[in-house]
Amino acid sequence: MKYIRYAFWAVLAVVLICVSLANRGPVTLNLLPSDMAELLNFQYSATVPVFIVILGGIIAGLLIGFVWEWLREHKHRAVAAQRKTEVKRLERQLKKTQDERDKDKDEVLAILDQSA
């Protein structure tokens, strides 16, 4: 399975390198549309290779998706943490009850009761 994972990453790297080499032409990115830039008297633009725009879009989409999913699953993590706390509390209570029950018993019998 480890070799399949390495092969997948190698193929992905080759594909990304090929896409990057095929799309090296410059493109100008503008922060605002030209009409709005004239109205606000502010314009920022950058000239970058096309592959940076493509890979940047992919990375931005992945990051937005990860954050969205993390936020969506927050309620499930909160419920799991609450249940974990409740289980620990109940285990402490059970241990305390067993200790009270077994305080007058012989140690060997108490150990045998706990294992059963």
Side-chain angles (χ1 to χ4, degrees):
M1 192 66 179
K2 183 170 57 172
Y3 295 116
I4 294 173
R5 185 176 5 172
Y6 290 149
F8 170 76
W9 287 115
V11 169
L12 183 64
V14 168
V15 168
L16 290 176
I17 290 170
C18 288
V19 167
S20 299
L21 290 175
N23 294 292
R24 290 181 298 179
V27 65
T28 302
L29 300 176
N30 294 317
L31 181 63
L32 300 171
S34 60
D35 294 337
M36 188 180 290
E38 289 176 13
L39 179 67
L40 297 175
N41 198 19
F42 175 76
Q43 179 64 297
Y44 179 77
S45 63
T47 303
V48 293
V50 175
F51 74 89
I52 290 180
V53 175
I54 294 170
L55 296 178
I58 292 170
I59 291 170
L62 285 172
L63 289 176
I64 290 170
F66 288 145
V67 169
W68 186 272
E69 197 61 24
W70 183 77
L71 291 172
R72 191 183 67 83
E73 292 175 351
H74 172 70
K75 60 185 172 188
H76 301 293
R77 288 191 310 274
V79 168
Q82 182 182 13
R83 288 183 180 163
K84 185 177 179 180
T85 304
E86 181 70 13
V87 166
K88 285 182 180 180
R89 185 186 67 78
L90 290 172
E91 285 175 347
R92 284 193 309 267
Q93 186 178 2
L94 177 63
K95 177 86 168 111
K96 183 179 174 185
T97 304
Q98 287 175 342
D99 288 344
E100 288 176 6
R101 180 193 68 191
D102 296 339
K103 69 179 176 182
D104 294 332
K105 284 188 178 179
D106 184 31
E107 290 180 18
V108 174
L109 294 176
I111 291 172
L112 290 173
D113 282 344
Q114 285 179 358
S115 65

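Note that the numbering runs from 1 along the sequence shown for the chain.
Note that CG of Leu90 is 10.0 Å distant from OG1 of Thr97, once rounded to the nearest 0.5 Å. The distance from atom CD1 of Ile54 to atom CD1 of Ile59, rounded to the nearest 0.5 Å, is 12.0 Å. Atom CZ of Phe51 is separated from atom CD1 of Ile58 by 12.5 Å, given to the nearest 0.5 angstrom. Rounding to the nearest 0.5 Å gives a distance of 8.0 Å between NZ of Lys96 and CD of Gln93.
Note: the hydrophobic cluster containing Trp9 also contains Leu16 (ILVMFWY, side chain heavy atoms under 4.5 Å, direct or indirect links). Each of Phe8 and Val19 belongs to its own hydrophobic cluster when Ile, Leu, Val, Met, Phe, Trp and Tyr are linked at side-chain heavy-atom distances under 4.5 angstrom. Under a hydrophobic-cluster definition in which Ile, Leu, Val, Met, Phe, Trp and Tyr are linked whenever side-chain heavy atoms come within less than 4.5 Å, directly or via other members, Ile17 and Leu55 are assigned to different clusters. Val53 and Leu62 fall within the same hydrophobic cluster, defined by Ile, Leu, Val, Met, Phe, Trp and Tyr side-chain heavy atoms under 4.5 Å apart, directly or through other members. If you chain together hydrophobic residues whose side chains sit under 4.5 Å apart, Leu29 and Leu31 never meet in one group.
Annotation for Arg77: atom CZ counts as buried by contact number, over 12 foreign heavy atoms lying within 6.0 Å.
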With a cut-off of 3.5 Å and sequence neighbours excluded, list every side-chain donor-acceptor pair involving residues 63-76.
from, atom 1, to, atom 2, distance (Å)
Glu69, OE1, Arg72, NE, 3.3
Glu69, OE2, Arg72, NE, 3.2
Glu69, OE2, Arg72, NH2, 2.3

Could you go through residues 33-43 and list every donor-acceptor pair under 3.5 Å that involves a side-chain atom there, pairing it with any protein atom two or more places apart or in another chain?
from, atom 1, to, atom 2, distance (Å)
Gln43, OE1, Leu32, N, 3.4
Gln43, NE2, Leu32, O, 3.1

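Distance alone, capped at 3.5 Å, is enough to place a donor-acceptor pair between the Arg24 side chain and the Leu21 backbone.
Salt-bridge formation is not detected for the pair Glu91/Lys88: no Lys NZ or Arg NE/NH1/NH2 atom is positioned less than 4.0 Å from an Asp or Glu carboxylate oxygen.
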